[in-house]
**Q** 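Dropping a structure here in structure tokens format, bear with me for questions.
Within every chain, numbering begins at 1; the chains are lettered A, B, ... in the order of the sequence lines, protein sequences first and strands thereafter.
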Amino acid sequence: MLDLKFVRTNMDRIEQMFKDRGYELDLSRFRTLDEKRRSVLTDLEELRHERNTVSDKIAVMKKQGEDASSLISQMKTVSASIKELETELPEVVDELNNLLLLIPNIPHESVVVGRDPDDNPVIRTWGEIRDFEYPPLPHWELGEKLNILDFSRAAKIAGSRFSLQSGLGAALERALINFMIDVHTRYHGYSETLPPFLVNSESMTGTGQLPKFREDLFKVEGWDLFLIPTAEVPVTNIHRDEILSFDELPIKYVSYTPCFRSEAGSYGKDTRGLIRQHQFNKVELVKFSRPEDSYGELEALTADAEDILRRLELPYRVVSLCSGDLGFSAAKTYDLEVWLPGQQLFREISSCSNFTDFQARRANIRFKRKGGSGTELVHTLNGSGLAVGRTLVAILENYQQADGSVAIPEVLRPYVGDLSTIRMGG
RNA sequence: GGAGAGAUGGCCGAGUUGGCUGAAGGCGCUCGCCUGCUAAGUGAGUGUAGGGUCAAAAGCUCUACCGAGGGUUCGAAUCCCUCUCUCUCCGCCA
């Protein structure tokens, strides 16, 4: 959510931003509501002021035994008017707020204006793309041959877009989770946290999933609870409605959670394999930063995510999302895309974003400067470090060998009993 | 699921025969004084948000906020209703 005053005084900039993002929203109602709000508020406050002063007078008169009945009857009409305005004001405020919640974040000046992913500039590329002396297999074929992925049984149990991993397929997933958390806690200074996997609608609103993206979420029937689509939601909401101290910033969390997404509107996309699932595992990095440091923290956070790929020796590139591809709440996003030889393409494996004060305003996460008066909004950031399922995909496809086996990356071996290879029949 | 207790400022904790209580007192914190250092002492200050005034900031001023929402009343932290959360005991359970 943007600041009301900012929107009021920067309508042109907002309109331009809509164009850059390819976003449609009619702001004509905004002005009307904004003015209405202030006029109602002013009237209301004047009436309340009158009520307060006269009520005090009544109290004094009664104490002195004087007759206050004329004042009291006079105040009855004032009270009635107050009540009227008190029902009107929230209606105006709610509508204004709902409008405000539909305005996306302002992209950072470094974000390239563009339409779609094709316009995303590549920032850097790392690692050697391996030459195969045979056509490399996609991970779903490797996984089924090795008996570690079973998509047909997953469909029986839950339906499409679910997976069943067994043996080393399950163990490697677990190894990756532990490996990632270990690297981020030991070498990058993050604190581990294990949050609820279901959250209420207030939390979903705080990070921006609601009200606009309800159809992407799984909701628990009969409860005000949603399955989290990312750890970003519960972890960012850890500090909802809190005032943090200047000294403790930045706060850095790493959190493993499963993620649940309805993938509405993605019918026919990535139907095979582990790429697009209703449920997947992710290790997430979340930061609460001082405003002046947040873009530096974004670079650091991206580097922290990249470090996992480097340690796993998986080739990847970093792209900066253009205005048209940028998420609703983000001011700037780097995507990490890992090379998948089985499909001959770079595939998103992490998305690292600076939300500036956009989420913090919604979620009411503030801090206090040392000598300063008043509070300021923190900046929030997050990024996958990494999507675990997709990392497994990348390992299977990049580490596959001519005989159908898959080598296990050096750094993961301690996590799987020092095994070096996944072979047929275990 | 049954029975009971509670929710006040950064924290603890008064205030419930409705009326200068935005809220006593204590702790903490900030600035100053004092003190070889520390501790102690001492003076002042210390919530958030939204209006108005102002070019803006400061300042001044108004309004709201004592878990949330509603009601009674000229007037509610105080009375009534609903909800949420926390705690204790019993039951159940990984």
Side-chain angles (χ1 to χ4, degrees), chain A residues 1-10 30-101 194-206 210 220 222-226 234 237-249 251 258 288 357 359-378:
Chain A
M1 178 161 75
L2 295 175
D3 180 45
L4 178 66
K5 280 183 213 155
F6 176 85
V7 175
R8 183 186 301 148
T9 52
N10 291 276
F30 178 87
R31 270 239 143 82
T32 324
L33 285 168
D34 184 41
E35 278 159 23
K36 182 92 181 277
R37 185 189 82 99
R38 269 181 298 171
S39 77
V40 171
L41 192 61
T42 309
D43 293 350
L44 179 60
E45 290 190 344
E46 265 169 32
L47 285 172
R48 286 211 269 232
H49 178 56
E50 185 183 353
R51 183 187 68 186
N52 288 346
T53 50
V54 176
S55 287
D56 285 349
K57 208 184 272 179
I58 291 171
V60 172
M61 288 175 79
K62 285 208 161 179
K63 215 171 249 176
Q64 296 172 348
E66 294 172 37
D67 176 34
S69 55
S70 78
L71 273 183
I72 287 177
S73 65
Q74 193 186 320
M75 279 304 98
K76 279 190 185 182
T77 59
V78 172
S79 267
S81 318
I82 289 176
K83 206 156 275 181
E84 247 172 70
L85 292 179
E86 276 180 344
T87 53
E88 193 178 350
L89 186 64
E91 287 166 13
V92 176
V93 169
D94 280 359
E95 198 183 336
L96 190 63
N97 242 331
N98 289 338
L99 208 54
L100 218 47
L101 286 175
L194 183 67
F197 300 162
L198 286 84
V199 301
N200 57 31
S201 50
E202 240 176 296
S203 295
M204 283 294 186
T205 307
L210 291 179
V220 180
W223 294 70
D224 179 33
L225 284 175
F226 297 83
N237 276 284
I238 288 174
H239 295 299
R240 172 152 51 88
D241 295 321
E242 290 185 11
I243 298 174
L244 306 168
S245 77
F246 185 75
D247 291 332
E248 64 185 320
L249 297 173
I251 297 172
F288 300 83
D357 58 11
Q359 290 181 329
R361 185 171 294 108
R362 288 178 164 219
N364 193 26
I365 308 169
R366 295 166 296 169
F367 75 100
K368 229 175 201 161
R369 272 186 209 279
K370 267 199 167 148
S373 65
T375 58
E376 288 175 59
L377 295 164
V378 302

**Q** Can a salt bridge be assigned to the pair Arg48(A) and Glu86(A) using a cut-off of 4.0 Å between side-chain N and carboxylate O?
**A** yes
**Q** Check Arg361(A) against Asp3(A) and note the closest heavy-atom contact, atom names and distance.
**A**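 Closest approach of Arg361(A) to Asp3(A): NH1-N, 3.2 Å.
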**Q** How long is the line joining CD of Glu86(A) and P of G69(B), in whole Å?
**A**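 Result: 12 Å.
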**Q** Taking CD1 from Ile365(A) and P from A49(B), how many angstroms apart are they, rounded to a whole number?
**A** 15 Å
**Q** Lys62(A) near the nucleic acid: base, sugar-phosphate alone, or nothing, with a heavy-atom cut-off under 4.0 Å?
**A** base
**Q** Distance check needed: G51(B) C1' versus Lys36(A) NZ, whole Å only.
**A** 17 Å
**Q** With a 3.5 angstrom cut-off on both distances, give the Watson-Crick or G-U wobble partner of A7(B), or none if there isn't one.
**A**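 Matched A7(B) with U84(B) under the 3.5 Å cut-off.
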**Q** Quick one: Lys76(A) NZ to U72(B) P, roughly how many Å, whole number?
**A** 12 Å
**Q** Which nucleotide in the list G19(B), G51(B), A49(B) gets nearest to the side chain of Ser55(A)?
**A**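 The answer is G19(B), which lies nearest to the side chain.
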**Q** Mind calculating the distance between CD1 (Ile243(A)) and C1' (C11(B)) to the nearest angstrom?
**A**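 So the CD1-C1' distance, Ile243(A) to C11(B), works out to 14 Å.
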**Q** U72(B) pairs with which nucleotide, Watson-Crick or G-U wobble, both distances below 3.5 Å?
**A** none
**Q** Between A64(B), G50(B), G52(B), which nucleotide has the shortest distance from any of its atoms to the side chain of Leu41(A)?
**A** G50(B)
**Q** Strictly by Watson-Crick or wobble contacts shorter than 3.5 Å, is anything paired with A55(B), and which nucleotide is it?
**A** none
**Q** Side chains of Val199(A) and Asn237(A): does their closest heavy-atom pair fall under 4.5 Å?
**A** no
**Q** How far does the C1' atom of U73(B) sit from the matching atom of G19(B), given to the nearest Å?
**A** 12 Å
**Q** Return the nearest nucleotide to the side chain of Lys83(A); candidates are G51(B), A64(B), U72(B).
**A** U72(B)
**Q** Rounded to the Å, how far apart are Arg51(A) CZ and U63(B) C1'?
**A**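 From Arg51(A) CZ to U63(B) C1': 10 Å.
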**Q** I want to verify a distance call: between G51(B), C62(B), C74(B), whose nearest atom is closest to the Ile72(A) side chain?
**A** C74(B)
**Q** Can a donor-acceptor pair under 3.5 Å be found between the side-chain atoms of Glu45(A) and the base atoms of G50(B)?
**A** yes
**Q** Using the closest heavy atom to pick a nucleotide of RNA chain B for each, name whichever of Asp3(A) or Asn52(A) lands nearer the 5' end.
**A**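 Counting from the 5' end, the first nearest nucleotide belongs to Asp3(A).
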**Q** Choosing from C74(B), U63(B), G51(B), which nucleotide comes nearest the side chain of His49(A)?
**A** U63(B)
**Q** What's the shortest heavy-atom distance between Leu100(A) and Val7(A), and which atoms?
**A** CD1-CG2, 3.8 Å
**Q** When the C1' atoms of U86(B) and G26(B) are compared, how many Å lie between them, rounded to an integer?
**A**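 Approximately 24 Å lies between the C1' atom of G26(B) and that of U86(B).
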**Q** With a 3.5 Å limit on both atom pairs, tell me what C29(B) is paired to, counting Watson-Crick and G-U wobble, or say none.
**A** G45(B)
**Q** Side chains of residues 58-65 of chain A: which donor-acceptor pairs under 3.5 Å do they make with residues two or more places apart or in other chains?
**A**
none

**Q** When you measure from the side chain of Ala59(A), which nucleotide among C62(B), A64(B), G19(B) comes out closest?
**A** G19(B)
**Q** Using heavy-atom distances to pick each residue's nearest nucleotide on RNA chain B, tell me which of Leu44(A) and Asp56(A) is more 5'.
**A**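 Closer to the 5' end of RNA chain B: Asp56(A).
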**Q** When the distance from CG of Leu377(A) to P of U48(B) is rounded to whole Å, what number comes out?
**A**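 The answer, rounded to whole Å, is 13 Å.
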**Q** Looking only at side-chain atoms of Thr42(A), point me to the closest of G51(B), U48(B), U63(B).
**A**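 Closest of the options to the side chain of Thr42(A): G51(B).
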**Q** Does any nucleotide pair with G22(B) by Watson-Crick or G-U wobble geometry, both distances under 3.5 Å, and what is it?
**A** none
**Q** About how many Å separate CZ of Arg362(A) and CG of Leu377(A), when rounded to the nearest 0.5 Å?
**A**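 The distance works out to 13.0 Å.
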**Q** In the structure shown, which nucleotide is the Watson-Crick or G-U wobble counterpart of A77(B), with both distances under 3.5 Å?
**A** none
**Q** Report the distance from atom CD of Glu66(A) to atom P of G19(B), rounded to the nearest whole Å.
**A**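 Rounding to the nearest Å, CD of Glu66(A) and P of G19(B) are 20 Å apart.
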